[in-house]
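A quick write-up on the structure given underneath.
For the numbers below, each heavy atom of this structure counts, side chains included, while hydrogens, waters and symmetry mates do not. A note on names: the letters A, B, ... follow the listed sequences, proteins ahead of strands, and every chain is numbered from 1.
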Amino acid sequence: MNTNKLNVLILSIVFIVISFLCTPCYGEKIVIDGSTTVGPIAKAFAEYYMGKNKGVNVTVSESGSGNGAKSLINGTCQIADMSRFMKEKEFKAAANNGIMPVAHVVALDGLPILVHPSNPIKGLTIEQIRDIYLGKIKNWKDVGGPNLKIVKISRDTNSGTYETFEKLVMNKEKLAKDVEYVGSNGAARQRVQKTKGAISYAGLGFVDKTVKALEINGIYPNQETITSGVYPIARPLFMFTDGYPKLGTELYKFITIYLSEDGQEIVESIGFIPVTSY
Amino acid sequence: MPDTNLIIEEKDAHIKAEDFSVFYGNNEAVKKVNMRIPKGKVTAIIGPSGCGKSTYLRAINRMNDLIPICRADGAMMFDKQDIYASNIDVVSLRQRVGMVFQKPNPFPKSIFDNVAYGPRLLGIKKKAELSEIVEHSLKKSAIWDEVKDRLKENALCMSGGQQQRLCIARALAVQPEILLMDEPTSALDPKATTKIEDLIGELCGDYTIIIVTHNMQQAARVSDFTAFMYEGILIEFGITKNLFEKPREKQTEDYITGRFG
Amino acid sequence: MHYNKKQSLVFSKKDATLQWLGSSIGKGFLFLIASFSAVIVFLIFWFIVKDAIPFFAEKGFKEFFTGTNWYPAAEPGEFGALPIFVGTILVTLGAIIIAVPVGICAAVCLSDILPFKIRQIAKPIVEMLAAVPSVAYGFFALVIFAPFLQSLGATTGTNVLNVSIILGIMALPTIVSVAEDALQAVGKDLREGSYALGATRAETLIKVIIPAAASGITAAVVLGIMRAIGETMVVWMASGNAAQIPEPIYNVLQPVRTLTATIAGDMGEADHVIGSMRYHVLFAMAASLLAISFLCNWISEWITTRDP
Amino acid sequence: MQLKTRKFINKLFSGIGITSVVIMTAFLLILLTPITYKGLGAIFFSGTIEYRMLNYKEFGHGDKENIEKEFAKAKTARAPVYLQFDSFKKEVKKLEPKKRREIKNQLKEIKEALKELLGPFPDTPIPVLLRNQYGQTRWKNAQEKLHHVLYSEEWDYSDPTKPGIQVFVPRKKYFAGTSFESFFPYLEKNIKKMLLPKFTCYWQFLTDKSKDAHFFGGIMPEILGTIYLALGAMIFAVPLGILAAIYLSEYANPGKIISFLRICMGALAGVPSIVFGLFGLAFFINTIHVSNSKSVLAGSMTLALLILPTVIRSAEEAIKAVPNTYREASLGLGAGKWHSVWTIVLPSALPGILTGTIISLGRAAGETAPIIFTAAVSVGLPLKIWETLSQPTPALSWNIYNLCTEHEAVDEIRHVQYGMVFVLIAIVLLFNLTAIIARARIMKKLRG
């Protein structure tokens with residue numbers, strides 16, 4: 001009885017000690033945190049990378065651009081996904097922590113304006129969109145559509161996507177109060193595909209058959225128009241690292257995926273625009 | 001006030017209460033009791049419910065400590081030592097003063113573990129030794145024959161009478177000098193009661209037994225001495241036969257003839 | 001067989017000190033562990049309030065509690081959280097309207113009406129409702145229930161009605177189990193006394209049992225309210241997140257925004273590092289939530305400990 | 001009041017009571033039925049040859065020879081499709097320009113739809129993303145994609161005052177009179193031969209890693225993460241909770257300090273879960289640095305705080321329910337207080353404590369808000385046990401939220417979402433069931 005218990009005890013102690021001794025043999029890890037918009041790219045890169053480099057654990061969190069910046073500055077992640085550029089104050093805070101954020105533009109993203117495919121409207125002007133979101137235009141018939149109340153959907157006020165929209169479309173004017181906020185691009189698309197009178201915006205990767213992207217000022221958002229800069233609502237997507245990663249490190253290999261052909265194909269096939277097609 | 005000193009000599013006394021009182025808050029449940037309890041004999045304490053007999057009994061191994069508002073006054077001498085002194089080791093007191101409770105209360109463990117609980121506390125670990133003690137104690141409490149084949153079974157499977165004898169065996173296994181019994185048969189049927197009473201008869205001599213009972217016949221059957229308490233006061237103490245046949249006090253007489261209580 | 005028992009009943013001075021020391025250390029250790037949760041409460045309180053103070057210090061209370069313009073990301077931001085408070089109250093109220101009648105009736109039914117065997121089957125239902133994780137409720141609300149509401153003609157499926165119903169279902173098990181305990185605690189005597197006077201079961205319950213268990217039932221309702229207010233995932237996924245006061249206010253088909261959803265949604269992207277107002281206002285909200293939950297907790301404590 | 005009315009009221013009252021229990025049951029059924037039905041769909045479904053091929057290549061499941069044989073068969077059936085496509089390309093060049101443009105557009109759309117249906121065209125480079133390397137793996141989705149190939153989805157906007165109406169135009173119409181016309185009936189007729197749908201039980205859904213952001217594969221890292229988090233929370237919360245309960249019920253003298261402690265515990269139980277998340281991030285990661293980024297450890301600690309009040313309360317109740325006679329008996333035998341508590345009171349209270357802890361284990365497994373900032377990630381490997389100290393993990397609750405709101409292909413992976421919800425609920429209910437059974441077992445053992 002007693003000797004048995006003792007054996008179990010010794011065994012478990014040995015096991016624990018061994019586990020701790022094994023800690024240095026952790027696989028390498030790359031921690032990525034940040035924007036939900038860049039999330040799909042990061043996730044696809046992560047899967048691609050882990051498929052090629054066994055034993056490296058690439059973890060991707062999608063907790064928001066602000067949180068990504070914070071994690072990078074606090075040193076709790078190596079790569080911060082951001083759908084906006086870092087703010088000046090954030091750079092300062094980073095410098096105080098001895099962190100030197102370096103931006104990598106991994107892709108371009110347009111912000112297509114989405115409506116339900118049953119909506120006959122083909123396009124709007126920026127001003128019309130602004131008026132819709134300001135609450136000045138309340139019905140689709142005022143912009144030449146059917147007699148249908150407009151359900152305005154926006155990304156959460158905290159997302160980089162929202163900030164781009166606010167800057168490029170709203171001219172920093174305030175959105176009407178009855179605008180409905182959703183937490184993610186996927187949710188925005190979902191709300192549009194389920195709601196006939198809805199209007200929303202999301203990343204280009206989220207356009208598919210179930211929703212209709214509008215022409216803005218007569219220009220339809222696609223790869224050519226966005227790359228050439230004709231489509232008015234577009235922005236770069238960033239990954240930030242602390243300093244430029246050293247050659248040959250896992251981090252270096254990861255952060256340069258977007259420059260490789262495979263990386264560009266990945267970016268393109270999940271619906272963003274690879275930067276090298278500039 | 002009866003003077004037990006007349007009946008029990010100093011050298012025969014195993015437990016000696018001197019002006020001993022117990023309070024529940026402000027309520028004096030036991031009032032200035034003086035009592036010598038003889039060594040190796042069975043002493044019964046009788047009285048109507050609420051007369052403080054159980055409280056008095058529980059005071060002997062300081063079981064009342066468990067009740068936060070309860071405190072004691074006066075002296076309770078055991079082994080030339082006031083057990084209510086400040087530097088008393090209650091644990092070793094209780095190892096020498098065992099107790100059997102009103103309701104059988106075996107632990108939810110096997111029969112063996114129940115009896116071995118006390119010896120294990122005293123540091124006995126060897127299986128052989130423990131088995132010996134368990135067997136000895138169970139034999140002593142006249143239950144060995146009934147349970148020897150099912151020592152591994154849960155004690156709660158047994159009948160009430162068996163459980164109570166197990167509890168006695170459990171108390172005996174610690175080899176106490178005094179055994180306190182708080183109405184040990186009140187929850188049992190007559191047949192089981194008889195067995196317990198027989199057991200008490202067998203145990204007397206080896207142990208000082210103090211038994212609290214509301215059953216006067218039981219007191220008359222099993223005890224050598226009897227004390228009668230009423231409203232916290234020790235009314236009378238005497239040799240059992242004398243006390244029942246010709247009580248000196250009026251209240252005792254009223255009680256044993258069934259006029260109140 | 002003889003034991004090595006200590007013959008003296010008295011502690012030596014050394015033993016006594018050791019004994020005293022041992023028991024005090026043991027007790028002290030246990031006390032420390034028991035007060036751990038108090039420490040945590042204070043730490044939580046401190047961490048929340050510390051970051052909420054800069055907001056109130058700069059913006060004061062008036063705008064936060066009475067303003068209706070919620071534009072935390074604008075420059076300069078506007079932090080009128082009234083619509084968010086109203087949204088929280090609306091969905092909680094909705095949940096209570098659904099959960100309280102059903103919950104109390106079900107508790108009464110479980111404790112007094114159903115025969116024992118059926119009760120044995122019905123009780124696990126309550127336990128299962130309580131066990132389903134909130135994200136599963138949220139998933140149901142967003143993926144199954146919202147489209148269903150839209151198919152019935154609502155402009156948006158993520159609205160007050162949706163969230164209220166789901167929160168109501170989530171609060172149900174709390175209310176049922178606490179209220180049932182209260183009803184059971186009333187005891188057989190009162191019931192038998194009432195039946196002996198010729199009262200029917202309904203009369204016994206309404207006139208005797210329920211009044212006797214009233215404090216417990218109220219506490220159950222308060223706990224249910226707490227559950228609804230503190231819930232995050234369901235409101236985040238299915239409330240629509242629009243910082244508006246519905247027009248008219250009883251229009252349950254409008255989207256609203258609640259405190260917990262705002263914290264969960266905004267915290268990710270607020271500028272933590274800089275400690276902007278947009279960041280601090282979320283802590284002001286968390287502090288308000290804490291205050292509400294402390295208040296509820298205190299009320300339920302007060303109700304249950306109050307002399308009947 | 002008349003006896004009749006009184007009896008009627010009595011019956012009415014019982015009726016209302018029973019109705020509310022029925023309503024409650026209905027809620028549960030409405031909630032669980034679709035989730036169970038569709039959740040099981042993640043495991044039991046009609047899988048195509050593409051599914052079997054993927055499963056063999058990526059996970060090594062299935063019999064190589066069989067699959068290759070089947071795949072060869074499917075390939076033969078598909079060959080005419082591609083052949084027709086190629087030969088028609090030459091034909092297109094001969095058409096008049098206007099018609100050519102229209103047909104080219106259609107062809108482009110058909111090609112895209114066909115790629116989704118059957119996988120990449122033969123003799124083209126293999127795409128990088130896994131989801132583009134294979135055709136439809138599930139027969140049900142394949143039928144939808146087939147529809148995309150056969151019909152073009154258009155909207156009739158003829159009445160500008162009303163929303164458009166969806167119309168499906170058979171693509172065959174555009175190719176009337178060309179050799180490509182026969183492509184559509186052939187595809188429709190032979191699609192089963194091309195995909196070979198077969199009833200599949202993909203139980204490895206529970207043990208496989210996910211591939212390509214949950215497009216394929218299973219949910220093992222999530223399940224493992226959920227279990228780590230819940231067990232980790234238990235490791236912290238249970239000893240603390242039981243010791244605190246022992247103090248409160250056995251040692252503490254009622255007084256101001258104790259009632260203050262109790263108020264604090266009540267307050268802790270009432271703190272909204274999202275606040276725990278904030279606190280976990282601020283305290284465990286940024287203040288005392290239990291790990292240098294999100295980790296299972298930090299998440300477990302946060303969850304432990306969340307369930308601590310429940311554990312304390314249930315343990316205290318269980319300890320209080322132990323009859324006092326046990327304590328008396330033990331003390332009467334000369335046991336010390338601590339010894340009595342440890343050997344008698346705790347074992348007797350075990351069933352109650354166990355029930356409480358297992359139920360809070362379920363709660364810890366299902367919580368989302370506290371782990372968003374402390375432990376959960378969208379993509380990550382299944383962790384070894386010692387890696388939990390420093391690495392974050394995917395977890396069911398967070399990934400359900402993530403996949404049904406933030407994934408770029410929400411609709412394509414509905415089955416995975418349902419599967420996850422189903423598994424999560426199953427895990428939690430399993431915990432609860434274990435609690436019930438364990439309680440019954442121990443009770444029986446204690447009662448004899």
Pairs of heavy atoms under 4.5 Å with chain C: top-ranked of [options]:
options                        : result
D/L278, D/I359, D/I400         : D/L278
D/G362, D/P272, D/A365, D/A369 : D/P272
D/A267, D/G241, D/G277         : D/A267
D/I274, D/L12, D/L433          : D/I274
D/L31, D/I425, D/I23, D/I258   : D/L31

Select one option (side chain, backbone, both, neither) describing which atoms of [X] are under 4.5 Å from chain C's heavy atoms.
X      : answer
D/I372 : side chain
D/L243 : both
D/V428 : side chain
D/I263 : both
D/I30  : both
D/T287 : side chain
D/L32  : side chain
D/F373 : side chain
D/I312 : side chain
D/I257 : side chain
D/Y418 : both
D/N432 : side chain
D/L305 : side chain

Are [X] and [Y] side-chain neighbours, meaning at least one heavy-atom pair lies under 4.5 Å?
X      : Y      : value
C/I113 : D/F13  : yes
D/I413 : D/Q417 : yes
C/W236 : D/Y401 : yes
D/S273 : D/P370 : yes

Atom [atom1] of [X] and atom [atom2] of [Y]: how far apart are they, to the nearest 0.5 Å?
X      : Y      : atom1 : atom2 : value
D/S14  : C/R201 : OG    : CZ    : 4.0 Å
C/L259 : C/L290 : CG    : CG    : 11.0 Å
D/K38  : D/R414 : NZ    : CZ    : 8.5 Å

Check whether any side-chain N or O of [X] sits under 3.5 Å from a backbone N or O of [Y] as a donor-acceptor pair, and report yes or no.
X      : Y      : result
C/T200 : C/E203 : yes
C/R227 : C/A171 : no
D/K294 : D/V377 : no

Check whether [X] gets within reach of chain D through its side chain, its backbone, both or neither, counting any heavy atom under 4.5 Å.
X      : answer
C/I33  : both
C/V102 : both
C/V39  : neither
C/I125 : both
C/L172 : side chain

Legend entry - Evaluation steps, side-chain contact (heavy atoms from CB on, under 4.5 Å), between D/C264 and C/F42: CA-CA 9 Å; D/C264 285; C/F42 274 96; 4.3 Å; yes
Inset, instruction - Check whether the side chains of C/T88 and C/T258 place a donor and an acceptor atom closer than 3.5 Å, and report yes or no. - result: no
Legend entry - Within 45° cone and under 6.0 Å: C/K50 NZ/CZ vs C/F45 ring: no
